[in-house]
Amino acid sequence: MMIMTQETRHANEVRKELEKLGEKIVAEIEKKENPNIEIPIRALSNVVFDKKSNQLTLGDKTAKRYFFNVAHSKKFMQSLLVASFAKSLIDENIHASIRDMYYNLKRTIDDSNENTFDEQSESDPIIVDIEVALDVLREQLHLTTDRKGIVAGNVIIRDRGDDIDWSRLGSGGWSIPSTVEEVEFKKVDAKFVLVVEKNAGFERLHEDKFWQKQKCILIGTGGQPSRGARLLIQRLNDEYDLPVYVFCDNDAYGYYIYSVIKSGSISLAHVSDRIATPEAKFLGLTTSDVFKYDLKKATIKAKEVDIKRAKELLEYEWFSKNPKWQKEINLMIEKGVKAEIEALSHKGLKFMSEVYLPDKLKNKDFLD
């Protein structure tokens, strides 16, 4: 008897959704109706903050894309091309990058001067349209993006038939793919997950064996986390009940990165429930830390754009309802300074791993 894996079940479910879309279009053509695809609207006006789940989600507004509509017809054609391409990938059980898909589908339509796609900037949003219309992840359509993010920890995974031990990858760590939902966890031995914004911060902590000493999983996002990194964080929190702590720069951008991991983003509100981690907590760096740990000489003067962005964050519902966050953001605005996590090295290169983070973890000094 063939055992159906989770990956196979997902593929079958997504295949059925794609087939349903095709069957619907065919039925409308046979009835001589105007074929259409209904797509939830991905705009700020249709994004809401769900207080129960603490996540950004899409509202219930939708729009229909018709074939017999001059303004819609090209995008309608493009949508079916992408859906068909994804179906062929799933049928063959192979993956393709979104760049490969663009080149595969780009061509001049017979007896015309019109191309199916002129630039990849046309095909990328169509993928999201299909994703939203079918309520599936892009990765479940077997469409991938470049790897971004690195991991180290006492974890063994199975990835496309290979067992990979995150504790035995030298200085490199495991490079996070976009298809994280296909990864099977074989062993997870950790007390928590520490997400680090900067690659330099990850390298410092990895070299100091922080993940071994603190028995944690160390994830470096290299700036704004990729979808794969966010899905990995959520899976470790959801499937293994591991606390998630986020370690970012003390500036509006660092705070926003934490916000994206915790509550999602406007552009990806349609998949927040599958890649956001509402239980994530902000471990640092904060303006209060700058003064508590005497890092004033390592601060950077905040620019006007930094202050403007910080004031915008004050209006975010998940920040505006939290007195501690209001205090920290207002303190940053008042002092007019920001600080990168590398500022901790002014107290010694191992200060971050041997003093600052252990101190914060021991005292549960984090923001929710």
Side-chain angles (χ1 to χ4, degrees), residues 10-48 57-145 178 227 265-274:
H10 284 163
N12 288 339
E13 291 166 4
V14 176
R15 182 187 293 109
K16 287 178 182 177
E17 290 301 318
L18 288 164
E19 290 172 348
K20 280 168 58 178
L21 174 61
E23 290 164 358
K24 171 186 174 297
I25 299 297
V26 170
E28 288 168 345
I29 293 173
E30 291 176 342
K31 293 177 183 178
K32 300 188 182 329
E33 296 176 353
N34 192 353
N36 69 86
I37 303 172
E38 186 169 12
I39 303 172
I41 296 174
R42 294 182 288 110
L44 183 59
S45 61
N46 195 38
V47 174
V48 297
T57 62
L58 277 187
D60 54 9
K61 297 177 183 178
T62 63
K64 288 189 176 182
R65 181 171 293 167
Y66 290 94
F67 177 61
F68 292 112
N69 183 309
V70 174
H72 298 178
S73 58
K74 185 173 183 178
K75 283 191 174 183
F76 182 91
M77 173 268 294
Q78 292 172 332
S79 301
L80 293 188
L81 282 174
V82 170
S84 177
F85 185 79
K87 170 72 162 46
S88 68
L89 292 177
I90 294 172
D91 287 343
E92 295 179 51
N93 193 27
I94 58 176
H95 296 73
S97 72
I98 59 177
R99 186 72 172 165
D100 284 338
M101 186 204 76
Y102 161 66
Y103 280 117
N104 186 280
L105 296 180
K106 180 179 180 177
R107 59 182 177 273
T108 302
I109 299 171
D110 292 344
D111 301 321
S112 78
N113 294 318
E114 188 76 35
N115 291 329
T116 52
F117 294 98
D118 291 312
E119 303 290 342
Q120 190 178 339
S121 57
E122 279 187 280
S123 60
D124 286 356
I126 297 296
I127 297 171
V128 184
D129 288 340
I130 297 299
E131 186 179 47
V132 178
L134 302 184
D135 191 26
V136 300
L137 289 172
R138 176 186 65 202
E139 293 76 15
Q140 292 173 325
L141 295 169
H142 284 214
L143 293 167
T144 66
T145 55
S178 59
R227 289 168 51 137
S265 60
I266 292 171
S267 62
L268 293 176
H270 58 288
V271 291
S272 288
D273 61 324
R274 281 163 281 189

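No experiment lies behind these values; they were computed from the predicted model shown. Excluded from the calculations below are hydrogen atoms, water molecules and symmetry mates; all remaining heavy atoms, backbone and side chain alike, are included.
For the pair Ile109 and Asn115, the minimum side-chain heavy-atom distance is 4.5 Å or more. Side-chain contact between Val14 and Leu134: absent, with no pair of heavy atoms (C-beta onward) separated by less than 4.5 Å. Within the 4.5 Å cutoff, the side chain of Tyr102 has no heavy atoms near those of the Ser97 side chain. Contact check for Leu141 versus Leu18: side-chain heavy atoms found under the 4.5 Å cut-off.
Taken to the nearest 0.5 Å, the CG atom of Asn36 stands 5.0 Å off from the NZ atom of Lys64. Taking NZ of Lys16 as the reference point, atom CD of Glu23 lies at 11.5 Å (rounded to 0.5 Å). Distance check: Phe117 CZ to Met101 CE gives 5.5 Å after rounding to the nearest 0.5 Å. Taking CZ of Arg65 as the reference point, atom OG of Ser73 lies at 11.0 Å (rounded to 0.5 Å). Atom CZ of Phe76 is separated from atom CD1 of Ile25 by 4.0 Å, given to the nearest 0.5 angstrom. Going from atom CD1 of Ile266 over to atom CG of Asn46 covers 12.0 Å, rounded to the nearest 0.5 Å.
Ile130 and Ser79 get closest at one heavy-atom pair: CD1-O, 3.6 Å. For Asp135 against Arg274, the heavy-atom pair with the smallest separation is OD1-NH2, 2.7 Å. Taking each heavy atom of Ser112 and Thr108 in turn, the nearest pair found is O-CG2, 3.4 Å. Of all the heavy atoms in Glu28 and Asn34, the pair that sits closest is OE1-O, 4.3 Å. Contact between Ala83 and Leu21 at its shortest, heavy atoms only, is CB-CD2, 4.2 Å. Minimum heavy-atom separation, Ser265 to Ser272: N-OG, 4.5 Å.
Using a distance-only test at 3.5 Å, with no hydrogens or angles considered, a donor-acceptor pair links the side chain of Ser123 to the main chain of Gln120. The main-chain N or O of Leu58 is never found under 3.5 Å from a side-chain atom of His270 such that the two would form a donor-acceptor pair.
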Take Leu143 and Phe85 through the side-chain contact (heavy atoms from CB on, under 4.5 Å) test and state the conclusion after the steps.
-> CA-CA 10 Å; Leu143 293 167; Phe85 185 79; 4.0 Å; yes
Chi angles and distances behind the side-chain contact (heavy atoms from CB on, under 4.5 Å) call for Thr57, Asp273 = CA-CA 8 Å; Thr57 62; Asp273 61 324; over 6 Å; no
List the steps, then state whether side-chain contact (heavy atoms from CB on, under 4.5 Å) holds for Ile90 with Gln140.
-> CA-CA 9 Å; Ile90 294 172; Gln140 292 173 325; over 6 Å; no
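Checking Arg42, Arg138, Arg227 one by one against Glu131, the salt bridge (charged side-chain N to carboxylate O under 4.0 Å, His left out) holds for a single residue, Arg227. When each of Gln78, Glu122, Met77 is tested with Thr116 by the rule side-chain contact (heavy atoms from CB on, under 4.5 Å), just one qualifies, namely Met77.
Taking the charged nitrogens against the carboxylate oxygens, Lys75 and Asp129 have no contact shorter than 4.0 Å, which rules out a salt bridge. Under 4.0 Å is where a charged nitrogen must lie from a carboxylate oxygen, and between Glu17 and Lys20 at least one such pair does.
Summarising the local packing, CG of Asp118 is surrounded by more than 12 heavy atoms from other residues, nucleotides or ligands at distances under 6.0 Å. Heavy atoms from other residues, nucleotides or ligands lying under 6.0 Å from NZ of Lys24 number more than 12.
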